[in-house]
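Take a look at the structure below.
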2 protein chains.
Amino acid sequence: MAVTLADVAARARVSAATVSRVLNGNYPVAENTRARVLRAVADLEYVVNGPASALAAATSDLVGILVNDIADPFFGIIASAVQSEMSTATGQHIGNGAHPRTGDSDTRRNPGSGPALVPAGEKLAVVCNTGGSPERELMYLTLLQRQRAAAVVLTGGAVEDAGHAAAVTAALTRLAAAGTRVVLCGRPPLGPEAGAREARATAGTRTDLEARIFQRAAHKAGAALSPVTLAFDNRGGARRLTEHLISLGHQCIGYIAGPVGRTTTRHRLEGHRAALAAHDIPDPAHRTVHGAYDRAAGYDAALELLRRDPTLTAVIAANDTAALGACAALRERGLRIPGDVSVAGFDDLPFSADAAPALTTVRLPLQEAGARAGRLAMGRETPPPGEITTLRADLMVRESTSSPYS
Amino acid sequence: MAVTLADVAARARVSAATVSRVLNGNYPVAENTRARVLRAVADLEYVVNGPASALAAATSDLVGILVNDIADPFFGIIASAVQSEMSTATGQHIGNGAHPRTGDSDTRRNPGSGPALVPAGEKLAVVCNTGGSPERELMYLTLLQRQRAAAVVLTGGAVEDAGHAAAVTAALTRLAAAGTRVVLCGRPPLGPEAGAREARATAGTRTDLEARIFQRAAHKAGAALSPVTLAFDNRGGARRLTEHLISLGHQCIGYIAGPVGRTTTRHRLEGHRAALAAHDIPDPAHRTVHGAYDRAAGYDAALELLRRDPTLTAVIAANDTAALGACAALRERGLRIPGDVSVAGFDDLPFSADAAPALTTVRLPLQEAGARAGRLAMGRETPPPGEITTLRADLMVRESTSSPYS
DNA sequence: CTGTTAGCGCCTTCAA
DNA sequence: TTGAAGGCGCTAACAG
């Protein structure tokens, strides 16, 4: 059927072993032999059989990046950074649309037509969209283990459910045991404690079966698994944001939280509440509304908050997208921002600075996080001591917030 | 090292073939044998070795989705749709953050802990970010061929360069020859003609080598390759958009085009110019500025257009993101939208409706396109007659455009 | 319905 | 520096 190593070997009049060696560049080969082989490869348009080589070598060049929502730039930015960092060729983002450069770089270019020359060691970084579904997350993890992926990067918040936490921990443990590098990026650390706390928190509603499953997985995982973790300081950022509003004079702040049962949602909400508590500002339950991390949810939530308490002077959303939805809702209600109501978001996605008014928010170093995760996944950067790094979350004050007395 | 089929077979006291059969569900197996095998699989936490099975079966469950910019929701939305359509489990997007449902669905669920049960035939849909780089595009194509991908979906505009077009055509031809399904989504059709026209257009600047390469590839590809194509009506949409502005009374319209050398850029620009020409409105070159498809480019371009011609009454951007950047620039210049200057975009991304003022734009059925591409890639939908479908591009009139006399 | 027998294409010792 | 040979784990005919 397809061209195989043997065909190339025959044409180059060498053994298959030699062809393998020049292709993998991990063994000395005479220069002219090497040239002959390369020519044969080009002539035959030979393309390595990935499965075969992965089988023989017991490793593959697949790297999986799991995201909760690929349509959300939050994840797109992280994934993009992970990928660029992983590509050996320093492929730049050709944003300005310049014609592809044809200059010869250091790397030898493709001689003639035929398949693109893939640098040895090049990884196939792929992003998998879980859509926030625990089942799909586990499925992808299994699928990646099947492929004997070289590395797996999990991004974004996790679902808070003891059973699922245990299952993920188990899956990651298996992956790690199989030699796959595991990196958590913008995701809270794993570990028995995390799961245990959840287990306690939801104990009332959990079945015995779930409890047992969890115990088993937690036990197996034990201290054995502690993947490299890059976490965002969601709590701290949220707290600083709310404190900013408080310092402006706001006392009556509505909070549009993310979906319930997600770590990110909880951490941001905790930060918000910590700020309120620190200033002895009451926080009645009706001032918090949960919703998805999208525009429509922000829109609906803002309306709901207003309905519950028309005296609100500020609204904080769990992310920028929802914040903009909230802005739209407030505007339609005839309220001016920040004149009548201040609005703030979280993440500092690119469009936030361009909104009208520009959105006050919390900047997360998405790019940096992705890049580091990429290097970690490639094994090009040694994990930080303790294996868990917390990334800064800086307050970005812009035009959408002001004093309520103005 | 890892648990293998043989281990499972031994534990279940059956042959490896039998285990394979129950796992792949493509062959009758006695119910109790089947149960025994499944139990062994769970006990041993066995996970299929993907490479090995791909090698033996000469196919894999990998499906690649190539996008130009994963951080751009335009691609995120398409990719997301492709993926959901591909997942056999009707995994919904859990947007409302409800706790994962634990109800037993029709599909048998994971018994106990252990690896997630992956439905037979489940594909691993992965998205590859080319960053708009032709080299990376080719590299990914080769990498996917290596993996013997089941299907490849190319999304978005293509780079217009004879050499590259030929290389892509050649790569896709090889892929198709190897049994990989190829789908073009939101990307203009391939084919010798397309390449040929480009070849002619740029003949002056091309080297003989490139010409020869192209000839060869075009010849090989010939009529042989005509992948299923889903194209957007970029020309028509752009034309209708510009006509809308003209009908409002605008005569002096600035155009912020996308990066040069891209099909999408050219098609939209052509539609714009066709509208102007049809109404005998002059179109001096200085009214068009090229830039990336991002916010910063739109911002800069708007400023440049204004500098060149302060009498502009409208600005059309090649996409929504750039349009919003342009809005920001105009606003900073003290111009009101649409009072002083009308602004329009393209794509109708979710945030466009929420901008202030809501953006007039052209809606592209991204979701629908992605979903169809997904079905096509899975072979679940037969290609339309002629194998090339053009998707509608509907004008969405909102608040950012108005008569220049208002 | 289940077991047996060959490979699938490549990598990797081990010799030469 | 190169060749020869065995096996990686699974699937797909064939038998039975």
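Side chains are part of it too, since the values below use all heavy atoms of this structure and drop only hydrogens, waters and symmetry mates. Just so it is clear: chains get the letters A, B, ... in the order the sequence lines come, proteins before strands, and each one is counted from 1. This is a predicted model, so every value here is computed, not measured.
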Worksheet entry | Check: Ala150(B) main-chain N/O paired with Thr180(B) side-chain donor or acceptor under 3.5 Å | no
Item to complete: Consider the side chain of Asn49(A), meaning its heavy atoms from C-beta on, and name the nucleotide among dT11(D), dG9(C), dA4(D) that approaches it most closely.
Response: dG9(C)
Worksheet entry | Of the listed nucleotides dG9(C), dT12(C), dA12(D), the one nearest the side chain of Ser20(A) | dT12(C)
Practice prompt. With heavy atoms under 4.0 Å as the rule, sort Leu55(B) into base, sugar-phosphate or nothing.
Written response: base
Item to complete: Using the closest heavy atom to pick a nucleotide of DNA chain C for each, name whichever of Ala52(B) or Arg13(B) lands nearer the 5' end.
Response: Arg13(B)
Worksheet, complete the sentence: Ranking Tyr27(A) and Leu23(A) by the position along DNA chain C of their nearest nucleotide, the one closer to 5' is Leu23(A)
Worksheet item: Does dC1(C) have OP1 or OP2 sitting under 4.0 Å from an N or O in the side chain of Thr18(B)?
Response: no
Practice prompt. Using atom CZ of Arg146(A) as one end and atom C1' of dG9(D) as the other, report the distance to the nearest whole Å.
Written response: 14 Å
Worksheet item: Taking the side chain from Thr130(B) and the backbone from Arg136(B), do they hold a donor-acceptor pair closer than 3.5 Å?
Response: no
Response to the item:
Atom CG of Leu5(A) and atom C1' of dC10(C) are separated, to the nearest Å, by 6 Å
Worksheet item: Below 4.0 angstrom from OP1 or OP2 of dC10(C), is there any side-chain N or O of Ser53(A)?
Response: no
Discussion item. Regarding dG3(C), can its base be found pairing with the side chain of Arg21(B) as donor and acceptor, where the two atoms are less than 3.5 Å apart?
Written reply: yes
Fill in: Reference residue Val8(A); test side chain to side chain contact (heavy atoms under 4.5 Å, CB included); the match among Val14(A), Thr18(A), Val19(A)
Val19(A)
Response to the item:
Per atom distances to the Asn26(A) side chain, the nearest of dT1(D), dC8(C), dT12(C) is dT12(C)
Discussion item. Let's see if you can work this out: which of dA12(D), dT2(C), dT1(D) has an atom nearest to the side-chain heavy atoms of Pro28(A)?
Written reply: dT1(D)
Practice prompt. Begin with the C-alpha distance, continue with both residues' side-chain angles, and end with the deciding distance and a verdict on side-chain hydrogen bond (donor to acceptor under 3.5 Å, both in side chains) for Gln147(A) and Asn49(B).
Written response: CA-CA 7 Å; Gln147(A) 305 294 334; Asn49(B) 181 317; over 6 Å; no
Worksheet item: NA contact type, Ala30(A), heavy-atom cut-off 4.0 Å: base, sugar-phosphate, or nothing?
Response: sugar-phosphate
Response to the item:
Closest to the side chain of Val29(B), out of dT2(C), dG9(D), dT2(D), is dT2(C)
Discussion item. If you compare every side-chain N and O of Asn24(B) against the phosphate oxygens of dT11(D) (OP1, OP2), does one of them come in below 4.0 Å?
Written reply: yes
Worksheet entry | Basic-acidic side-chain contact under 4.0 Å: Glu137(A), Arg187(A) | yes
Item to complete: Select one nucleotide: of dT2(C), dG9(D), dA12(D), the one nearest the side-chain heavy atoms of Thr4(B).
Response: dG9(D)
